[in-house]
Structures are given as C-alpha cells and as structure tokens.
J.: 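I am attaching a structure below and will ask some questions about it afterwards.
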Amino acid sequence: MTELHRSDDVDRDWWRSAVIYQLYIRSFADGDGDGLGDIAGIHAHLDHLVELGIDAIWINPWYPSPMADAGYDVADHRGIDARFGTLADAEALVAAAHAAGLRILLDLVPNHVSDQHPWFQQALAAGPGSPERERFLFRDGRGPDGTERPNDWTSCFGGPAWTRVVEADGRPGQWYVHLFAPEQPDLNWDHPDVRADVEDTLRFWFDRGVDGFRIDVAHSLIKEPGLPDIGARAWDKQPPRVAPIPGVNQTDHPHWDRDEVHDVYRSWRAIADSYDPPRVFVAEAVVPDVSRMARYLRADELHTAFNFDFLKSPWRPELLRTVIEDTLREHAEVGAPPTWVLSNHDVARHVSRYARAVQVLGVNLSELQGPVDLELGRRRGRAAVLLSLALPGGAYVYQGDELGLLEVEDLPDDALQDPSWERSGRTDRGRDGCRVPLPWRAAAPSFGFGPAGAAAPWLPQPDWFAEHAVDVLAADPSSVLQLYRDALAIRRAHPALGDGTMRWIERAPDGAAYGAGVLAFERDPGFVCVVNMSAEDVALPAGTTLVLASSPLADPTTLPPETTGWLRRG
Ligand code: BGC
C-alpha cells in the first residue's frame, strides 16, 4: 500500500488540511508543442509541484470538448480530449502523482454539457416532445409564434439564457436553457438518466484512482418546476453576506441554490464513501451568505467549498476579519474545515487586485478601480499568502500565484477567447488575463511553456513574464516562489497549522489595542500570525520569535507595513 493510501484516520482526513494547487491544464505546460498545455506537460513538471510542497492538484476539465468555454463544455465526461493526451496518459499521470505523494482532483461539470454531446445532438434530431429532449430544458417560446423566449433568465456570460433551435423541417422551433454559453445546454436534473450518468462518471474516475472532484457550479443543477421568471424576486437584490433568516431554507431563486440540490450531493457522498480511501468533493457554490454555503458541507454532503467571500474581500482588515470570523463560525456549525482562496481561473489575479489604490468588492478587471501600484500589490500579495496558509483548514494555490504573476491586462482584442468577450458585445474582456501560459525558463522560446519549435502558446505571453519564470525565481532566495516553498514546508511540519482552531490576539506588547490595521491570531501549539495591513510599523507580540516574514524586517521585533509574520511563541 502506498504512503498515500494508508487507511488510518490521519490519512483519510487529508483534505481537512490540504493545500491544493489548481492546475489549469491549458496553460500549465505544453508537452507536444501544439501551443496548448497537456498531460505530458504536467508529467514533465511534477517535480515543480513536489518542490513547492503542495498536497494535491485539481486539474481543470481535460475531457473531449469543442472548447467553447475552455473545456467547461464537456462532450464526453469519461474521456480525454486528444489535445491533452489519452486515457492511458491520464491513468499514468494519476499513478505518477500518487508515487510523488500528490493526490489528484478532477473537475466535474454536472450542470451542463457541450452542444456536441451525443445526448444534445440526439435531442435536436428527435424533435419536440421526444424523450431525448427531456434530458434538457426545452420549452416552446412565448407569443403567438413562439418567438419570445420562455422566461427572463439571463446567461452568466451575457445575453439571454435561452437559444431557439432550428427543427428538422428547417423552421424555428423550441428554445433550450443555457445558464452559460449557448454551446453549454443545461441538463434536466429531474431526469433519472442524468443522475445515473453523472454517478457513472464519478465511479469511472474513482475506479482509476482519482482522489476526488471539484464540482462546477454546485449551486445550480436543480431548477424550479415550471421555470418561472426571476422577475423582481429578492435574491439578486440582497446585499452580500446577509444574516441567515431562521426557518427560511429557500433562497427563492428559480435556478440557484435550491434546497433539492442537496439530495444529489447526499447520493454522491455515499458513492465517495464507498471507496477506500474515501474520495472527496469540493464545491464551487456561489451563494449569498456563508451559512447557505455551509449547508453544502453537512456531514453527508460535500467535504469542502471554495471560500469566495475570502477571495472577493478587498485588502481591508475590517472586511477580512469579518469574513474570517463568519467563515469559522459557519463551518464549525457543520464540522467542515474552511478553505482559503486568493485567486482562480475566473478572477483577476490577486496581486493585480491588491495593487489598486481603491480596494472595493470586485474580482474582475472591469470592477477594479483606481491607480495601480504594483509594488504595493506584490507586497500585499506576499502578505496574503502567509495569511491564507496560516488560517485553520485547507488552502488553494492557483497556478502562477507561486510565481507572483500579475493579471495580463492588455491582451490584444483578437487574442481574447473567453465567451464573455463576444457575448457582452466586447465590453467585458473576460477571464483570459489570468489564464496566460506559465513561464518556466526566462531565456527559452515561449518561456519554456512548449518544447523547441512549438506552436505559439494559445494566449500570448507578455515580455515581462521572463521576470516570473520558474528558473529565475528558483535562483533567488528572496523570491515569491521561495516564500511559498518555505511557508508550505513549515506548514507541513507544524502541528498547529492546517485543520483546527485559532484565537485573535487583540493587544500589542505595550497593552494597547492592535488597532484597526492589524490582524493577529494564535494557534496551538505555539504558533502566532500577525498581518500588518497598516501604514505603520507594529511591535510583534511579547515572547515570540520570528519564523518567516512576507517582506524583510529591519528589526526582528517590528513588523513593517503590508507584511505578515509567522512567529513561534516561547
Ligand atoms: C467555471 C468557469 C466556467 C463556468 C461554466 C464556472 O464556475 O469555473 O470557468 O466558465 O463554471 O461551466
């Protein structure tokens, strides 16, 4: 039995403390030279992940796909897109990752499939009223000729959530729901075929040793019967993070966060628990408050969820403290470990967000405001890493975070591929700026993303990526890469870090309150974290010794502005 698959309790609970690296396969490393990342590229760079010190990787969709939404339009959940490799390559990668001490999570996309999925093609061919159409959400249009869409739902990428099909006789016909792009028709989760098929997909990958799944849009899936208009319902109008209303379980939204979705997760949990070791799930559940999110994490449902409140929080101490407190309280209610996330493939990179002079709630390029101070963003980014890795629970690292990458804000218009760009009438530049292929070697063509003579990367890399190349950072002891490696090594060895609890420290050594700009907490045994978000130096707590700091200290007892220190008590 490998070290990874011991069946003692510590090993079974690995996910409660795990640091998971989000591996965006298209942009990680290109092994075959076609300009797109692939499984061979991952295989060739497993050493980078081992040296980094993470526990697991989550790989974004690698299934056959027309790539209308970068692989989130899945044509076959139980295969591998030829551009990424073969099923045998995937199996070999799972084995190699396990041998290297890394677990693997895949991305499950249960809300929708590609319009090229055989089921959707069969539904189009079979026509209105057919059993094939029942697996999706087809409806007749409103109005005398059915020319008006059946309800007022909108697509997350802009425009209506309905597209009208042309029937076999060449006439305009029924409409179908797509909460994302038209190439991503929503499945009908009231249909037994849909439930059975996704369960088969879970087993297919679990049988191949995959350790778990990230669940795409976990708050969707179930739609209110009758598909009513959203109209003026309250949900979208609530301010974020409202207090839970006792006894009210419905969010009153016809397609987000419906209570019936929890039955789906109960049945998946039973499947995951039937494996040895049990497999795990992480939810992408975007819901109005953390108490609603915690419902996905009840003991018989999903294991963890991305903490979007933390990710979305501006770099402001009072907001971060509230998010941390709310997160800890609501997760404790259901016995689930929190996670701490700074960036992912859907949001502008955190260094660029924190570089904005005005720190507002918002994670996309179009929402960021104010003059940009990149040095400040970098400094805050490093401080945020040590904060996120010190808090109780698990943490995520989005590929390129460890290289201190910034958002690429000036990609040429004709390079943009995110469906939001065209669907918004070219007003929303979308998410490509955080998806640019990684730089590995400063002096190599495509910065070592592809082999010599390879096609150009699928998104152009700016010249300044050279400064962030792995070989440059690995040679610099003060680099952000070294900070991640040091922090992850300490975290792995320290009994206080990972799952557990924390206590705030409210007072500086002179007895004065730490003030509005400082977050300080301790964890047993003997670990203290101080985040100085103010513009002034702050004294470190009495009786502590510095172990690691996100920026250099001029004096070992004083933490400079925008810096996090990890300390040993005693
Ligand atoms: C994924 C996105 C994707 C969308 C539709 C999201 O939550 O993270 O990248 O576009 O789901 O599948």
Side-chain angles (χ1 to χ4, degrees), residues 20-28 37 58-77 81 105-117 120 136-137 153-159 161 163 176-187 189 198 201 213-221 223 255-257 261 281-287 293 296 302 304-308 311-312 339 341-349 363-365 396 398-400 407 416-424 428-436 458-459:
I20 301 181
Y21 184 91
Q22 180 187 350
L23 195 151
Y24 194 67
I25 182 168
R26 303 166 63 84
S27 301
F28 185 72
W58 147 39
I59 303 176
N60 290 99
W62 59 4
Y63 319 107
S65 166
M67 307 284 171
D69 180 22
Y72 282 93
D73 45 323
V74 178
D76 172 9
H77 246 119
D81 194 285
L105 308 187
L106 301 184
D107 210 318
L108 186 78
V109 189
N111 180 68
H112 43 265
V113 292
S114 162
D115 62 350
Q116 300 307 309
H117 189 286
F120 194 71
F136 296 89
L137 298 166
W153 298 2
T154 54
S155 152
C156 295
F157 295 148
T163 289
Y176 66 91
V177 175
H178 52 86
L179 294 181
F180 294 89
E183 297 88 349
Q184 294 165 295
D186 280 46
L187 290 163
W189 272 86
V198 174
T201 295
F213 279 99
R214 173 256 190 191
I215 314 300
D216 189 61
V217 220
H219 54 297
S220 187
L221 278 59
K223 278 76 179 181
H255 64 69
W256 294 140
D257 193 29
V261 80
F281 298 113
V282 52
E284 186 207 31
V286 184
V287 291
M293 188 176 89
Y296 290 76
L302 306 176
T304 61
F306 298 114
N307 189 342
F308 287 113
L311 178 150
K312 286 180 191 160
T339 69
V341 188
L342 296 171
S343 282
N344 69 24
H345 66 296
D346 291 330
V347 302
R349 287 198 179 261
V363 287
N364 296 323
L365 269 185
Y396 281 82
Y398 175 46
Q399 75 178 35
E407 183 76 2
L416 296 179
Q417 304 205 16
D418 186 342
S420 305
W421 173 236
E422 292 298 342
R423 286 195 56 89
S424 68
D428 176 353
R429 298 186 67 78
R431 304 160 292 175
D432 290 322
C434 66
R435 299 175 173 182
V436 176
W458 69 282
L459 285 172

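Scope of the values below: all heavy atoms of this structure, side chains included, with no hydrogens, waters or symmetry mates. All ligand and atom numbering here is 1-based and tracks the order in the structure. All values reported here derive from a predicted model rather than from experimental measurement.
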J.: Does D432 use its side chain to pair, donor to acceptor, with the backbone of Q417 at less than 3.5 Å?
T.: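 Side chain of D432 to backbone of Q417: a pair is present.
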J.: Excluding sequence neighbours, so at least two apart, what forms side chain to side chain contact (heavy atoms under 4.5 Å, CB included) with E422?
T.: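 For E422, the residues satisfying side chain to side chain contact (heavy atoms under 4.5 Å, CB included) (neighbours in sequence not counted) are R426.
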J.: Can you name the residues that form a side chain to side chain contact (heavy atoms under 4.5 Å, CB included) with H112, not counting sequence neighbours?
T.: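 H112: side chain to side chain contact (heavy atoms under 4.5 Å, CB included) contacts with V109, F180, Q184, D186, D216, V217.
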J.: Report the residues that fulfil ring-ring contact (aromatic ring centres under 6.0 Å, His included) with W189, sequence neighbours left out, ordered by chain and then residue number.
T.: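 W189: no ring-ring contact (aromatic ring centres under 6.0 Å, His included) contacts found.
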J.: Out of F281, W58, Y296, which one pairs with F306 under the ring pair (Phe, Tyr, Trp, His ring centres under 6.0 Å) rule?
T.: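 So, applying the ring pair (Phe, Tyr, Trp, His ring centres under 6.0 Å) to F306 and each of F281, W58, Y296, only W58 qualifies.
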J.: Go ahead and list the nitrogen or oxygen contacts between ligand 1 and the protein that come in under 3.5 Å, distances to 0.1 Å, or just say none.
T.:
from	atom 1	to	atom 2	distance (Å)
ligand 1	7 (O)	D216	OD1	3.2
ligand 1	7 (O)	E284	OE1	2.5
ligand 1	7 (O)	E284	OE2	2.4
ligand 1	8 (O)	R214	NH2	3.0
ligand 1	8 (O)	H345	NE2	2.9
ligand 1	8 (O)	D346	OD2	2.5
ligand 1	9 (O)	H345	NE2	2.9
ligand 1	9 (O)	D346	OD1	2.8
ligand 1	9 (O)	R431	NH1	3.3
ligand 1	10 (O)	D69	OD1	3.3
ligand 1	10 (O)	D69	OD2	2.6
ligand 1	10 (O)	R431	NH1	3.0
ligand 1	11 (O)	D216	OD1	2.8
ligand 1	11 (O)	D216	OD2	3.2
ligand 1	12 (O)	H112	NE2	2.9
ligand 1	12 (O)	D216	OD2	2.7

J.: When you look at D69 and R431, which way does the salt bridge (Lys or Arg N to Asp or Glu O under 4.0 Å) test go after all the steps?
T.: CA-CA 11 Å; D69 180 22; R431 304 160 292 175; 3.2 Å; yes
